[in-house]
Amino acid sequence: MVIQGKEVSNKILSEIKDALNKNKLEIHTVALYFKGDEESKVYFQSIKKNADKVGIDFKITEVEPAKLIDEIKRLNNDSQTDSIIIARPFPEGIDPVEVSDSIDPDKDLDCISPYNLGKLNYKDYDVAPATAKASIDILKYNGINLSGTNSLVINRSITVGRPLSQMLLNEDSTVTVAHSKTKNIEKLIEESDIVFLAVGRAGYLKGSSIKSKKIIVDIGINVVENKVMGDFQMDGKFEHIDYTPVPGGVGTVTSAEILMNALKLKMRSK
Ligand code: NAP
């Protein structure tokens, strides 16, 4: 089975739209990207398309790296700005800890502040890291129960693997986290029910190498010869493998999760 993201994304977007109408809310968010980072600009434009659909004002603004912290502080104090997201990865010279410390947790659209990340430990998803939440929701909305599963997360970044492994624990999955120094990943893959894959290398894992029943949640995004591809390659027909496609899988849901964060932050401040 191919586990698609579009329907999940549409459901989340319609939940947001309904909540905005019901509570008569207006939301204004600001997305900051750095000059020359066209990839982030395109990414923000795709979120803006969804924001327009649900009625969230999503303003995309360029910022100079040297002025980032001042701009975050200005927006923290701006009563017309409900939430802020900053393009990642940050350019050289930007200290990620300084950025995450400087953002007001109540305006932290991308869930990067230590306060919001810490709340995950208490199963509090008032606002959640969007990619991690999308990786779980794409399964849950498709009726896949995580409780009692053995999951393998191949990634330990602060953006993906760390929050995702915490959230999987919260779902009563037994979690293994792998990274570039992990030995014998093939064995760990075979022993798991679900593999969350975010290495950032096209074709890192192939269907033909998997022997047992498995769900692959492909989080990787790679551009190869102008084509967007994930880390997983279904190089044949394998009935025992269910997987999320790239494009059209986790990434599609991530954009909706960011807007859900905007709604939750607005509700928090009410
Ligand atoms: P990252 O910080 O570079 O993390 C890559 C992770 O993969 C690291 O933990 C790294 O291990 C591990 N890794 C690298 N080579 C490996 C190998 N041979 N075997 C096992 N593990 C290996 O990147 P990221 O920001 O987390 O993003 C990862 C991927 O997810 C990228 O393709 C990115 O585009 C995609 N992404 C998608 C979304 C979405 O919404 N779908 C959102 C964010 C990111 P070490 O820690 O040891 O280096």
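Counting begins at 1 with the first residue of the sequence. Just follow the structure's listing: the first ligand is 1, and inside any ligand the first atom is 1.
Using a 4.5 Å cut-off on side-chain heavy atoms (C-beta onward), Val195 and Tyr243 make no contact. Contact annotation: the side chain of Lys107 never approaches that of Leu265 to less than 4.5 Å [non-hydrogen atoms, C-beta and beyond].
For Glu62, the CD atom is densely surrounded, since the number of other residues' heavy atoms within 6.0 Å is greater than 12. At most 12 heavy atoms of other shown residues, nucleotides or ligands fall within 6.0 angstrom of atom NZ in Lys17.
In summary, the atoms of ligand 1 found under 4.0 Å from a heavy atom of Thr131, numbered by their order in the structure, are 38 (C), 39 (C), 40 (O), 42 (C), 43 (C). Close approach of ligand 1 to Arg156 (heavy-atom distance below 4.0 Å) involves ligand atoms 9 (O), 45 (P), 46 (O), 47 (O). Close approach to Ile154 involves these atoms of ligand 1, each under 4.0 Å from a residue heavy atom: 20 (C), 21 (N). Close approach of ligand 1 to Arg201 (heavy-atom distance below 4.0 Å) involves ligand atoms 18 (N). Atom numbering of ligand 1 starts at 1 in the shown order; those under 4.0 Å from a heavy atom of Ile185 are 19 (N), 20 (C). Atoms of ligand 1 found under 4.0 Å from any heavy atom of Gly251 (numbered from 1 in listed order, with element): 40 (O), 41 (N). Atoms of ligand 1 lying under 4.0 Å from any heavy atom of Ser157, numbered from 1 in the order shown and given with element: 2 (O), 24 (P), 26 (O). Under a 4.0 Å criterion applied to the non-hydrogen atoms of Gly200, ligand 1 contributes the atoms 31 (C), 32 (O).
No part of Arg88 comes within 4.0 Å of ligand 1, judged by heavy-atom distances. Counting heavy atoms under 4.0 Å from ligand 1, residue Asp231 does not touch it at all.
Between Asp242 and Lys214 no salt bridge is recorded (no basic side-chain N to carboxylate O distance below 4.0 Å). Ionic pairing of Lys187 and Glu191 is present here: one or more N-O contacts between side-chain nitrogen and carboxylate oxygen are shorter than 4.0 angstrom.
At the top of the distance list for atom 14 (C) of ligand 1, counting protein heavy atoms only, stands Val199 CG1, 3.8 Å. Summary of contacts: the protein heavy atom closest to atom 41 (N) of ligand 1 is Ile219 O, 3.4 Å. Among all non-hydrogen protein atoms, the one lying nearest atom 11 (O) of ligand 1 is Ser180 N, 3.2 Å. For atom 40 (O) of ligand 1, the closest heavy atom belonging to the protein is Thr254 OG1, 2.9 Å. If you check which protein heavy atom lies closest to atom 20 (C) of ligand 1, you get His179 O, 3.3 Å. Atom 44 (C) of ligand 1 has Val160 CG2, 4.0 Å as its closest protein atom, hydrogens excluded (heavy atom only). With hydrogens left out, the protein atom closest to atom 28 (C) of ligand 1 is Ala198 O, 3.3 Å, a heavy atom. Looking from atom 19 (N) of ligand 1 to the surrounding protein, the closest heavy atom is Tyr204 OH, 3.2 Å.
Using modelled atom types and a 3.5 Å distance limit, the side chains of Asn150 and Ser192 yield no donor-acceptor pair. In the model, Ser151 has a side-chain atom that pairs as donor or acceptor with a side-chain atom of Ser173 under 3.5 Å.
Of the residues Pro129, Ser135, Cys111, the one that meets the side chain to side chain contact (heavy atoms under 4.5 Å, CB included) test with Pro163 is Pro129. Residue Arg268 is tested with Asp82, Asp106, Asp104 for a salt bridge (charged side-chain N to carboxylate O under 4.0 Å, His left out); the sole match is Asp106.
For the pair Asn155 and ligand 1, the shortest N or O to N or O distance falls below 3.5 Å. For ligand 1, the polar-atom distance check against Ile221 finds a nitrogen or oxygen pair separated by under 3.5 Å.
Distance check: Ile215 CD1 to Leu146 CG gives 8.0 Å after rounding to the nearest 0.5 Å. To the nearest 0.5 Å, atoms NZ (Lys119) and CG (Asn121) are separated by 12.0 Å.
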- prompt: Can Phe196 and Val160 be said to form a side chain to side chain contact (heavy atoms under 4.5 Å, CB included), step by step?
  reply: CA-CA 10 Å; Phe196 293 85; Val160 182; over 6 Å; no
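For atom 3 (O) of ligand 1, no protein heavy-atom neighbour is present inside the 4.0 Å cut-off.
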